[in-house]
Student: 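Following this message is one structure expressed as structure tokens.
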2 protein chains.
Amino acid sequence: MYSVCVSTPERLIEATRELLWERGYVGTSPKAILQRAGAGQGSMYHHFTGKPELALAAIRRTAEEIRATAEAVLGGPGSPYERVEAYLRRERDVLRGCPVGRLTMDPDVVASDELRAPVDETLDWLRERLAAVVEEGRERGEFAPGLDGEEIAATIVATVQGGYVLARASGSTAAFDTGVRGLLSLLAPRSPAGDCPTPTKA
Amino acid sequence: MYSVCVSTPERLIEATRELLWERGYVGTSPKAILQRAGAGQGSMYHHFTGKPELALAAIRRTAEEIRATAEAVLGGPGSPYERVEAYLRRERDVLRGCPVGRLTMDPDVVASDELRAPVDETLDWLRERLAAVVEEGRERGEFAPGLDGEEIAATIVATVQGGYVLARASGSTAAFDTGVRGLLSLLAPRSPAGDCPTPTKA
DNA sequence: GTCTATACCTAGATAGAC
DNA sequence: GTCTATCTAGGTATAGAC
């Protein structure tokens, strides 16, 4: 209940954001939204044309929040590798999953260009942002020269999104962390000497 | 419609498998299952106690299928790296997503230990299987000696599961392939000489 | 075993009073 | 703006005929 000094449309949007995160679009009913927002039917249909429009407002806000959170880390201090590591290791509600990524498993969201757009834009922005950081690191010699920024960026975002899947399947955050550690070990800058592996014949 | 020489329970399970893949558990109604299976209400409740039991049968079968498909590649011919690559590059219905992984975004599946169990077991088995292959490759010197099999396995599975998310968000398989290429470039065996990067100071 | 009929609840939206 | 009917359709399950 967001009953303190918050407008009704605001409470509706926040309630929708929570429910979309918890139950997805098909699993969220107007009735559940109204109960959580402490509003009646009339209010909702006065401010919004229906469930899709309300969901769109909620998704857009969540998308914006995710960008801001990511930018705070990726545009922060530290070397490119450190910023990627900070992004991967930053605190997350792992078992709740990604409030934007999870919508891609929602048939009604994917079927609607309007609802899918903010999801697509967010993940696309994130990939581009990470690609720039990786390219910067590669130019500095922090990453192997053969790596491609866009490819590595896609791998990073996928590892996070897939980490949520593993964690929710097992009911534990461990698998998420394990996957992230694996990726970081693959990305880790080569130390000055001695660990360039001696290749053996195939 | 699976009307040719197939028992009714069989048709019900197959219809449920399809619908769970397309629409998830909360998005799949008994009515839709019956229509696709070409059966009536009575048939379904004669053979199954209800939607959860039918879904469980469907999920178990899909899980078994996934294991068999993965084992065919991971237990096949080729070096460990080649088998991992074959797993990552094998043909997939990328835009349909993973029929097992997607269930982790379903609130009713995650809330039920019974329904979640086969999902968890499948992804867990896959990680262990991949970990063994990676360990084998590391012992052969195909992968860097510092890598951890279980970590890399989690990264591989997460990249695939997350690749589905990226693909479905954009409505294109490109992002999946890009993420896989990035991961393969990170995993690639070091070539005999010349590309051990000259490290620069941090 | 399979069908139809029936039941009750919820989803999603509209109408009109206040 | 918000509320309480009201409405039609669908979700989920049971009962009982065939």
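Residue numbers start from 1 in every chain, and the chains themselves are labelled A, B, ... in the order their sequence lines are given, proteins ahead of strands. All values below come from the heavy atoms of this structure, side chains included, with hydrogens, waters and symmetry mates left out.
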Student: Rounded to whole Å, please give me the gap between NE2 in His46(B) and P in dT12(D).
Tutor: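 Whole-Å distance recorded here is 22 Å.
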Student: Going 5' to 3' along DNA chain C, between which two nucleotides do contacts with chain B fall, using a heavy-atom cut-off of 4.0 Å?
Tutor: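 Extent of the interface on DNA chain C: dG1(C) to dT4(C).
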Student: Rounding to a whole Å, what distance do you find between Glu53(B):CD and dT12(D):C1'?
Tutor: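 That distance rounds to 15 Å.
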Student: Report all side-chain donor-acceptor pairs from residues 177-184 of chain A shorter than 3.5 Å, counting only partners two or more places apart or in another chain.
Tutor:
{"unit_1": "Thr178(A)", "atom_1": "OG1", "unit_2": "Ala174(A)", "atom_2": "O", "d": "2.9"}
{"unit_1": "Arg181(A)", "atom_1": "NE", "unit_2": "Glu151(B)", "atom_2": "OE2", "d": "3.0"}

Student: Quick one: label Thr28(A) by what it contacts on the DNA or RNA (base, sugar-phosphate, nothing), any heavy atom closer than 4.0 Å.
Tutor: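 It contacts sugar-phosphate atoms only.
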Student: Cation over ring, Arg96(B) on Trp21(B), under 6.0 Å and within 45°?
Tutor: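 That pair qualifies as a cation-pi contact.
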Student: Name each donor-acceptor pair under 3.5 Å that joins a side chain in residues 107-117 of chain B to protein atoms two or more places apart or in another chain, with its distance.
Tutor:
{"unit_1": "Ser112(B)", "atom_1": "OG", "unit_2": "Glu114(B)", "atom_2": "N", "d": "3.4"}
{"unit_1": "Ser112(B)", "atom_1": "OG", "unit_2": "Leu115(B)", "atom_2": "N", "d": "3.1"}
{"unit_1": "Asp113(B)", "atom_1": "OD1", "unit_2": "Arg116(B)", "atom_2": "NH2", "d": "3.2"}
{"unit_1": "Arg116(B)", "atom_1": "NH1", "unit_2": "Ala169(A)", "atom_2": "O", "d": "2.8"}

Student: Let's see if you can work this out: which of dG11(D), dT14(D), dA5(D) has an atom nearest to the side-chain heavy atoms of Gln41(A)?
Tutor: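 When the side chain of Gln41(A) is considered, dA5(D) is the closest of dG11(D), dT14(D), dA5(D).
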Student: Under the ring-ring contact (aromatic ring centres under 6.0 Å, His included) rule, what pairs show up with a residue in residues 67-108 of chain A, not counting sequence neighbours?
Tutor: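 Non-adjacent pairs meeting ring-ring contact (aromatic ring centres under 6.0 Å, His included): zero.
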Student: Using whole Å, report how far CG of Leu19(B) lies from P of dG10(D).
Tutor: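 That distance rounds to 16 Å.
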Student: What residue pairs, at least two apart or across chains, pass salt bridge (charged side-chain N to carboxylate O under 4.0 Å, His left out) with a residue in residues 123-135 of chain B?
Tutor: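 Qualifying pairs, neighbours excluded: Glu71(B)-Arg129(B), Asp124(B)-Arg127(B), Glu135(B)-Arg138(B).
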Student: Name each donor-acceptor pair under 3.5 Å that joins a side chain in residues 47-57 of chain A to protein atoms two or more places apart or in another chain, with its distance.
Tutor:
{"unit_1": "Thr49(A)", "atom_1": "OG1", "unit_2": "Glu53(A)", "atom_2": "OE2", "d": "3.4"}
{"unit_1": "Lys51(A)", "atom_1": "NZ", "unit_2": "Tyr25(A)", "atom_2": "O", "d": "3.0"}
{"unit_1": "Lys51(A)", "atom_1": "NZ", "unit_2": "Thr28(A)", "atom_2": "O", "d": "2.8"}
{"unit_1": "Glu53(A)", "atom_1": "OE1", "unit_2": "Thr49(A)", "atom_2": "N", "d": "3.2"}

Student: When the distance from OH of Tyr45(A) to C1' of dC7(D) is rounded to whole Å, what number comes out?
Tutor: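 After rounding, the reported distance stands at 12 Å.
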Student: In whole Å, I'd like the distance from the NZ atom of Lys31(A) to the P atom of dG10(D).
Tutor: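 Roughly 19 Å, once rounded to whole Å.
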Student: Would you kindly compare Gly40(B) and Thr49(A) by the position of their nearest DNA chain C nucleotide and give the one closer to the 5′ end?
Tutor: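 Result of the comparison: Gly40(B).
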Student: For Leu54(B) and dG11(D), give me the distance from atom CG to atom C1', rounded to whole Å.
Tutor: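 One finds 15 Å between C1' of dG11(D) and CG of Leu54(B), rounded.
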